[in-house]
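Worksheet for the structure shown next.
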Amino acid sequence: MQPLAEQVLRWQAEHGRHDLPWQQPADPYRTWISEIMLQQTRVETVIPYFQRFIQRFPDLQALAEASQDEVLALWSGLGYYSRARNLHKAAQQAWQDQQQLPDTLEALNALPGIGRSTAGAILSLGFGQPAPILDGNVKRLFCRHFAIEGWPGKSAIQKQLWALAEAQLPAHDCGRYNQGLMDLGAGICTRSRPACDRCPLRASCQAYRQDQVAALPTPRPRKALPSRHCTLWWLRQGDAILLHRRPEAGIWGGLWSLPQQDEQHDLPSWLDAALSGPVGEPLRLKHTFTHFHLHIRVRESTLSDLPPRLEPAWRWQPLDELDQLGLPAPVRRIAQAMRTPT
Ligand code: SF4
């Protein structure tokens with residue numbers, strides 16, 4: 001066995017995580033849900049979301065037969081909502097094709113939202129097959145351990161890392177080995193304060209030997225994030241608030257948001273015409289996406305002469321039933337602020 005795998009397996013048995021909710025029991029479906037939730041999100045944040053999600057959708061069939069609204073509502077607050085939409089679509093596709101998750105790399109990769117690393121995790125942790133993973137934690141660990149220079153997002157570096165991941169794979173206990181890599185990346189070889197003094201790989205770690213730990217992995221070339229501006233309208237009728245379902249493509253796709261106005265989008269004419277009463281501006285906030293900052297101005301007014309029936313992408317939602325819908329995180333913050341008496 002490769003020395004790295006041996007060390008990781010030995011360490012994982014004693015110090016690794018064995019009782020995360022998706023490990024008890026670990027099956028392909030639960031592994032898949034957890035892996036998708038864990039993309040860009042910390043374990044502590046994911047745990048309650050995972051538990052609620054699994055309680056409502058305990059298996060592939062339950063998820064495949066759910067409505068998108070219900071799936072998004074249980075995802076609300078986790079962010080990166082395309083993950084939830086893809087999860088739902090992939091469940092429908094897998095259920096329709098063979099009533100279970102496939103057990104090959106090619107077939108898993110063909111499902112929406114399942115990349116090579118997620119497929120590797122499902123195969124190794126869920127199906128017990130030998131398959132490498134390369135999530136953010138493992139990339140960082142490998143970049144340091146093998147002193148790989150260059151931003152890991154670059155395709156040449158990715159290729160190099162995948163080749164290493166393949167080469168290090170043990171012939172047995174691959175799921176536990178992958179779990180060990182994730183545990184080490186999350187708890188020992190962390191981004192900002194790696195605990196090299198407690199690391200089982202210290203003796204073979206190139207970055208440690210060369211005093212390159214702080215410099216690796218090479219950071220992404222920096223670009224200042226641009227700013228965008230928008231207005232979100234807080235329009236109440238009694239105890240309900242007017243919401244608009246965002247189109248599938250673009251930010252917050254499929255989520256219910258407040259009516260929005262920005263440089264490219266005006267309010268629909270029926271809504272513009274119904275705005276009446278003084279306009280207040282109770283709140284401003286900023287939300288940062290991976291590729292831009294969004295500066296949000298919240299405006300408040302009253303409505304009169306609304307059309308008797310709203311179009312399907314619009315609805316009045318009771319304020320105490322907002323939890324039942326998938327809402328973007330800033331809209332939940334706004335709802336909370338607007339409902340808290342000052
Ligand atoms: S010795 Fe330090 S840098 Fe190297 S793998 Fe361990 S924690 Fe990471």
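Each ligand, and each atom within it, is numbered from 1 in the order the structure gives.
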**Item:** Phe146 ring center within less than 6.0 Å of Phe142 ring center
**Value:** yes
**Message:** So that I know where these two stand, are Phe289 and Trp252 an aromatic pair - ring centroids less than 6.0 Å apart?
**Reply:** yes
**Trp256, Trp316, Trp233, Trp314 screened by ring pair (Phe, Tyr, Trp, His ring centres under 6.0 Å) with His244, the one that passes** = Trp314
**Prompt:** Checking only N/O/S atoms, does Cys205 have one that is under 2.8 Å from atom 4 (Fe) of ligand 1?
**Reply:** yes
**Message:** For Asp183 and Gln179, which I'm curious about, is there any donor-acceptor pair between the side chains at under 3.5 Å?
**Reply:** yes
**Prompt:** Counting from 1, what ligand 1 atoms have a heavy atom of Arg202 closer than 4.0 Å?
**Reply:** 1 (S)
**Item:** Ligand-residue contact atoms, ligand 1 with Val213, heavy atoms, under 4.0 Å
**Value:** 3 (S)
**Message:** Below 2.8 Å, can you find an N, O or S atom of Cys196 next to atom 6 (Fe) of ligand 1?
**Reply:** no
**Pairing of Glu166 and Arg116 as salt bridge, 4.0 angstrom limit** = yes
**Identity and separation of the nearest protein heavy atom to atom 8 (Fe) of ligand 1** = Cys189 SG, 2.5 Å
**For atom 6 (Fe) of ligand 1, closest protein heavy-atom neighbour** = Cys199 SG, 2.3 Å
**Request:** Look at the side chain of His88 and the backbone N and O of Leu72, then say whether any donor-acceptor pair between them is shorter than 3.5 Å.
**Result:** no
**Asked** Heavy-atom contacts under 4.0 Å between His145 and ligand 1: side chain, backbone, both, or neither?
**Response** neither
